[in-house]
Amino acid sequence: MTENAWTVWPSREALSRKERVRPRRLFASAVRLVVLALLLWGVFTGSVVHGWGVVGATVGVLVAAGVAWAFYRATFEHQLWSSLALVTLLLGLAFAAQAVGFRIPALVLWCGCAVTALERLPLAAALPVASVGLASYAAFNDDAWLTTVATAAGLPLAGYVLRLDAEARGSAQRLLAQERAALAAEAESAALVERARIAREIHDVLAHSLSAQLVQLEAARLLIERDADRNQILERVVAARGMAREGLEETRQALSALRGELTPLEDYLTQLVDTVTGAEVTITGEHRPLPAEASQAVRRVAQEALTNVRKHAPGARVRVRLEYGEHQVTLDIRDSGGQGGSGGELAGSGAGYGLLGMRERAELLGGSLEAGPDKEGFVVTLKVPA
């Protein structure tokens, strides 16, 4: 619902000194000191009161300063009736000063109440206060009528300009606070995304490592059931231990990659293919560095696909092709089907979630992963923006 401009208060940010720049705070303090000095000067230069009367007048000036401070606090808290009572008391002190002959303090109080009311009160309450203050100033001021009219016309404009300036400052402070809150929320969101990315990376590394170990341990179990040679069984167990060691190393590499410490992708694929008998790698297109997540996706898919070849098509020939396109990179892995395409004796091991996880990873990057049988064997194709 739209607020009524006549009854709405200036915001607390506009009325507060908080977040004001130092020169502005110093200027505001200087203005207050000048006003207080004018009041005291009017007391000490007046000839109608002497002796203890001057002391009483000085006390009256200090009381007026205290009432003005209370008025500032009440307006900051948006307490309408307290604010009106305090500003009415200030106007009354001005009339009392005029009555005992302190013309200058009275004029300063009337003008100050008019300007401050327009700056800090709702307009519906500020206009009557300003009208009383300026009317009193015009009635008791003995300057030339043109000076009085100019002052009486200029003070409301000054008060309203101060109000607009304060509102603009308050709006800027609110926008700054919102921006800070947005930045804090963005930083928190980025931290959560980073944690999720690290968790996903470690999950994929461990899933690949444990799957490979499972292949070797399942082979060892089958050999034991067949009363195979002890050396063959030992070979499988040693291989599983080596894969566990490799899994730990890959975890460290994944963490390093997340920090930006990436091994060149071409070198990584070459090293990975060298561990698979009958595999070859081809790299086409203009080589260029990839974003960390895109590079990690290519690495994990290559690992998972080659593990599946060892599991489901042992002895198959594997062709790995990495193609750098204009806006994306494509990884294509094809196998020949191994032993007639029927899969090895370990084809039933594993939960089958590896490629599903890779597909989810690709989709998070805005890419795609397709996997399925081909004329000869099995094909895995990953496409990610780069």
Side-chain angles (χ1 to χ4, degrees), residues 9-20 22 24-123 125-137 139-141 151 155-156 158-159 162-163 165-166 169-170:
W9 283 85
S11 65
R12 282 189 170 87
E13 292 84 0
L15 298 177
S16 173
R17 297 180 61 189
K18 187 178 180 181
E19 301 293 343
R20 290 186 184 180
R22 182 176 177 81
R24 184 183 289 273
R25 292 199 301 269
L26 292 177
F27 178 75
S29 299
V31 170
R32 294 187 181 96
L33 289 176
V34 168
V35 172
L36 183 60
L38 286 173
L39 293 173
L40 292 173
W41 180 75
V43 169
F44 287 109
T45 57
S47 58
V48 295
V49 178
H50 302 281
W52 287 105
V54 174
V55 175
T58 303
V59 172
V61 170
L62 297 178
V63 169
V67 173
W69 179 86
F71 171 73
Y72 271 70
R73 293 303 306 172
T75 54
F76 177 75
E77 297 296 337
H78 292 175
Q79 298 173 354
L80 180 60
W81 296 112
S82 297
S83 301
L84 290 176
L86 291 167
V87 76
T88 301
L89 179 58
L90 286 174
L91 292 173
L93 289 173
F95 281 109
Q98 177 66 32
V100 297
F102 293 110
R103 188 177 65 85
I104 293 178
L107 296 179
V108 171
L109 281 175
W110 281 323
C111 294
C113 287
V115 173
T116 307
L118 288 171
E119 180 186 3
R120 302 182 68 89
L121 287 173
L123 290 177
L127 288 179
V129 173
S131 299
V132 171
L134 294 175
S136 301
Y137 164 81
F140 292 99
N141 185 32
T151 302
L155 287 178
L162 289 174
R163 181 190 188 93
D165 177 70
R169 187 175 61 252

Below 3.5 Å, can you tabulate the donor-acceptor pairs from side chains in residues 81-90 to any protein atom, sequence neighbours excluded?
unit_1: Ser83; atom_1: OG; unit_2: Thr75; atom_2: N; d: 3.4
unit_1: Ser83; atom_1: OG; unit_2: Gln79; atom_2: O; d: 2.6
unit_1: Thr88; atom_1: OG1; unit_2: Leu84; atom_2: O; d: 2.6

Checklist entry - According to the interplanar angle, ranging from 0 to 90°, do the rings of Phe95 and Phe140 count as parallel (below 30°), tilted (30 to 60°) or perpendicular (above 60°)? => result perpendicular

Checklist outcome for this item: Here the pair of heavy atoms bringing Trp110 nearest to Ala94 is NE1-CB, 3.4 Å

Between the main-chain N or O of [Y] and the side-chain N or O of [X], is there a donor-acceptor pair closer than 3.5 Å?
| X | Y | value |
| --- | --- | --- |
| Arg120 | Tyr72 | yes |
| His78 | Ser11 | no |
| Arg163 | Leu121 | yes |

Checklist entry - Are Leu91 and Ser136 side-chain neighbours, meaning at least one heavy-atom pair lies under 4.5 Å? => result no

Checklist entry - Checking side chain to side chain contact (heavy atoms under 4.5 Å, CB included) against Leu118, which of Val129, Leu127, Leu162 comes through? => result Leu127

